Amino acid sequence: MPTHLTHWGALEAESDGRTLTSVRPWAGDPDPRDLIHNVSTAQHHPTRVLRPAVRQGWLEHGPGSGAGRGAEPFVEVSWDHALDLVSGELDRVYSGFGPSAVYGGSYGWASAGRFHHVQSQIHRFLNTLGGYVAGWSDYSYGASGILLPHVVGSADAIMAGATSWEVVSRTTELFLAFGGLSEKNSGVGPGGIGRHPARAAIRRAVANGCRFIDISPLADDTYADANAEWIAPLPGTDAALMLALAFVLDAEGLADRSFLTTHCVGYDRFLPYLRGTVDGVPKNPAWAERLTTVPADRIVRLAREMASARTMINLSWSLQRQQHGEQPVWLGVTLAAMLGQIGLPGGGFQHGYGATADVGLPKRVASAPSLPQGRNAETAGIPVARISDMLLTPGREIDFDGRRITLPDIELVYWAGGNPFHHHQDLARLRRAFTKPATVVVHEQFWTSTARHADIVLPATMSIERDDYGAGRNDPAFFPMPALTEPAGEARDDYDIFAALATRLGLEDTFTEGRDTAGWLRHLYAAWRTRLAERAIDVVDFDTFWSSENISIPVIDKDQVLFSEFRQDPGQNPLTTASGKIEIHCSTIAGFGYDDCPGHPVWIEPDEWKGRAGAHGLHLIANQPRTRLHSQLDVGATSQSAKTAGREPLRMHPDDAAARGLEDGDVVRVHNERGSCLAGLVVSDAVRQGVVQLSAGAWYDPDPDDPSFCRHGNPNVLTADRPASRLSQATTAQHALVEVEKWLDAVPEVSVTTRPPTLLEASENEG
């Protein structure tokens, strides 16, 4: 059976040429995931976009008011007509407004294939036209992506250089999982994943005597194989808990002063805050207990346990998807520095074990070949989580990483890859924002919420319907990916769509360089093979590779240890920070003067948390789903099997359910001042009392009369569109305060999982 790479694992498939008739996990994966079955069951779902479609109001009146987006029917048109409309609109906007009026929306999870990776495709195409307004950073680790370069270096380099699972399994004695060690999240990887190694490594670590501690409001957000102790602080208080641990290390003389002197800067400037000499508030365990509810004596014992063992401090990405999310990440690094184990096998810190499948894989000698994106000549951009601000308040200035940036005035949004109506916060506000541009163009395989809020929707192929190759980030398994079926309906590859538009705009040769898909696959592979040969690394020729199951990209060091060279000689192997060392106090950040992110890590009370005076209700955790990646293939069988009453499940502690007269299986209304949604109740003692958990990714299904009400269970109608800080401007969509009540009215139908109203173009209808 041919193999095919996806974000959640490799699959083996049989096909009748039109559809996948059989799908099973790749035999080479020791820990396969069920998410692969979403692929085959979604391919011909009724929500598949089969023909180009144009919103009726835009087709009749042209660019302008977007008030009908998300409400008006679509008119199916021919490909020639659709391409003429899009190329004409591109010509109008670039000629009349320039690239600063074009937002090139995309997101990196668009497909596992490296050539058809649609973020690369759209960026290359828009760069051919003169550039575009870019979205900087990301939703996954937006706060960390800005903070960490100042404190320890590039977030991407830290994750790629993570101490390998093999080393952790042999040498770590205590593994602290702040924010969990998620089995579901570590099942997926950007660009794909061939083998899932984490579970086996965790089992080996336990067998070797390693203790795991899950510090999270969710007891089951860590591998069951870890047999973890569960510590459940009040959500949003991880920074307070970490400060108390640091207080004990300092007070009891357990901090490694030598390491802090030779490898760090700013520790002595952090101490007065920690000890309370600057504000009169010692950050001791009694102080932290009042904030976190974690007993002070457990905090003291935990600090001593950390100092007496080879300790790995793992920081989940979820920690920083909240207001002041930079602080727990900075404090996790500070704790590791105080222990003095950074650069030692099995010790130190990591930001992302359990976040994606690639963290913990040793670095490869080279990445897989990919399509060059060209150079973006447009300098304007925005932090990606500020899309609504950009569209609603063009011209406004905001702070961002030491700069003042002006939000551009966008005439055209061109979106290919990703679903902002999944991952953006405060969806009713985003919906208002999407009415502002003159035109919204979207490439999509399915009638997602984003497609339904577009003017022109161009049907794109799924990865199983096109030739490609792929290897996930840091993954050594490099797979050929020949098409397994023909395209559904009239779907076309994104590359072919962009090539056709480039031809209409007189830029075909610039975009395609005279190559079709097959030509690019061979060209990119040959250049990659040549680069490796120059380093005395031999790989097979393209034809041999294409006929293989996969080939291996060599790794540099299977026993990789993060910052081992820096530890050995910080002078010869400095970090990429301003000082070349770990910055516990960062003069650069301090110089920005941000009151919500000062020069060293601190506890700052969130605007929205259960500890605030007068706060009521329940604390919502909007984490990643178990049965899909973000919102991808939500209509697939595996994703649909997890629904309760046709909606996204909401988990609640039994005592909280009883206090509200709720029972397992009830349809409930989750609400706050921003919006509301329906969900299916699941009563579970794996959720901390006072907390509810509603995963993101249910396709947004707004009530026609109230866009703040989602009938399907998307929690981002509830989350605030406030940034983590002025430093990062990152999303805070992991947390919100809500209340939950039983839904007593007739349960409305979910419409987003059915095809939207579509009409045939008049000329075709007449024919």
Side-chain angles (χ1 to χ4, degrees), residues 1-7 9-15 17 26-29 110-121 123-125 189-195 358 361 363-374 460-487 492-499 508-556:
M1 298 175 72
T3 54
H4 185 83
L5 187 64
T6 74
H7 288 306
L11 58 84
E12 299 175 354
E14 290 182 351
S15 167
W26 175 47
D29 187 354
S111 78
R114 290 296 82 202
F115 173 70
H116 288 296
H117 176 234
V118 72
Q119 189 177 75
S120 300
Q121 293 284 346
H123 289 174
R124 179 181 177 86
F125 173 69
I193 183 68
R195 299 174 179 87
D358 58 291
L361 299 179
K363 286 186 288 190
R364 306 168 297 189
V365 295
S367 298
S370 59
L371 180 69
Q373 297 182 20
T461 51
M462 295 175 67
S463 65
I464 58 175
E465 298 166 346
R466 58 201 184 205
D467 289 342
D468 209 339
Y469 41 54
R473 189 173 63 187
N474 242 32
D475 191 350
F478 183 21
F479 289 83
M481 298 167 59
L484 302 178
T485 75
E486 64 185 20
R492 295 186 181 181
D493 297 348
D494 296 292
Y495 176 73
D496 292 339
I497 296 171
F498 288 131
E508 178 183 13
D509 290 342
T510 305
F511 178 73
T512 69
E513 299 183 21
R515 301 184 185 93
D516 59 9
T517 292
W520 271 110
L521 292 176
R522 287 183 174 274
H523 170 75
L524 295 171
Y525 186 93
W528 177 74
R529 188 180 181 219
T530 297
R531 289 195 300 273
L532 291 181
E534 291 170 352
R535 300 168 59 182
I537 300 169
D538 183 42
V539 295
V540 298
D541 61 60
F542 179 82
D543 290 327
T544 303
F545 162 72
W546 194 249
S547 62
S548 71
E549 183 179 74
N550 66 83
I551 63 173
S552 292
I553 303 174
V555 301
I556 298 171

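Given the structure is predicted, the values throughout are model-derived calculations rather than measurements.
Counting heavy atoms from C-beta outward, Thr485 and Met462 have side chains that stay 4.5 Å or more apart. In this structure, the side chains of Asp468 and Ser463 stay at 4.5 Å or more apart for every pair of heavy atoms. Residues Ile193 and Leu361 have side chains in contact (heavy-atom distance under 4.5 Å, counting atoms from C-beta outward). No side-chain heavy atom of Arg529 sits less than 4.5 Å from a side-chain heavy atom of Phe542. The shortest side-chain heavy-atom distance between Ser548 and Phe478 does not fall under the 4.5 Å cut-off. For the pair Asp467 and Trp546, the minimum side-chain heavy-atom distance is below 4.5 Å.
Considering every non-hydrogen atom in both Phe479 and Gly194, the closest pair reads CE1-CA, 4.0 Å. In plain terms, the two heavy atoms of Pro480 and Glu549 that are nearest each other are CD-O, 3.4 Å. Of all the heavy atoms in Ile556 and Arg364, the pair that sits closest is CD1-O, 3.5 Å. Counting all heavy atoms, side chain and backbone alike, Ser120 lies closest to Gln373 at OG-NE2, 3.3 Å. Annotation for Leu5 and Gly191: closest pair CD2-O, 3.5 Å, computed over non-hydrogen atoms.
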Distance-only donor-acceptor hits, side chain of residues 533-541, under 3.5 Å, sequence neighbours excluded:
residue: Arg535; atom: NH1; partner: Val365; partner atom: O; Å: 2.8
residue: Arg535; atom: NH2; partner: Val365; partner atom: O; Å: 3.1
residue: Asp541; atom: OD1; partner: Asp543; partner atom: N; Å: 3.1
residue: Asp541; atom: OD1; partner: Thr544; partner atom: N; Å: 2.8
residue: Asp541; atom: OD1; partner: Thr544; partner atom: OG1; Å: 3.0
residue: Asp541; atom: OD2; partner: Thr544; partner atom: OG1; Å: 3.3

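The side-chain hydrogen bond (donor to acceptor under 3.5 Å, both in side chains) contacts involving residues 472-482 comprise Asp358-Arg473, where partners must be two or more places apart or lie in separate chains.
Legend: residues meeting side chain to side chain donor-acceptor pair (under 3.5 Å) with Tyr525, ordered by chain and number and at least two apart, are absent.
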Quick one, Thr517 with His116, criterion side-chain contact (heavy atoms from CB on, under 4.5 Å). Give me CA distance, side-chain angles, the key distance, then yes/no. CA-CA 9 Å; Thr517 292; His116 288 296; 3.6 Å; yes

Output, in order, the C-alpha distance, side-chain angles, deciding distance and verdict of side-chain contact (heavy atoms from CB on, under 4.5 Å) for Tyr495 and Thr512. CA-CA 9 Å; Tyr495 176 73; Thr512 69; 3.3 Å; yes

Run the side-chain contact (heavy atoms from CB on, under 4.5 Å) test on His4 and Trp26 for me, step by step, so that the C-alpha distance in whole Å, both residues' side-chain angles and the decisive distance to 0.1 Å come before the verdict. CA-CA 9 Å; His4 185 83; Trp26 175 47; over 6 Å; no

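Without hydrogens or angle criteria, His7 side chain to Gly189 main chain gives a donor-acceptor distance under 3.5 Å. A distance-only check finds no donor-acceptor pair linking the side chain of Ser552 to the backbone of Pro554 [under 3.5 Å]. A donor-acceptor pair under 3.5 Å links the side-chain atoms of Glu12 to the main chain of Ala27, judged by distance alone.
We find the CZ-OG distance between Phe115 and Ser370 to be 11.0 Å, quoted to the nearest 0.5 Å. Distance check, rounded to the nearest 0.5 Å: NE2 of His117 to CG of Asp494 gives 10.5 Å. Taking CZ of Arg515 as the reference point, atom CG of Leu524 lies at 7.5 Å (rounded to 0.5 Å).
You'll find the ring centres of Trp528 and Tyr469 outside the 6.0 Å limit.
For the pair Arg124 and Phe511, the distance from NZ or CZ to the six-membered ring centre is under 6.0 Å and the angle to the ring normal is within 45 degrees.
Paired with Pro487 under the rule side chain to side chain contact (heavy atoms under 4.5 Å, CB included), one option of Ile464, Asp493, Thr461 passes, and it is Thr461.
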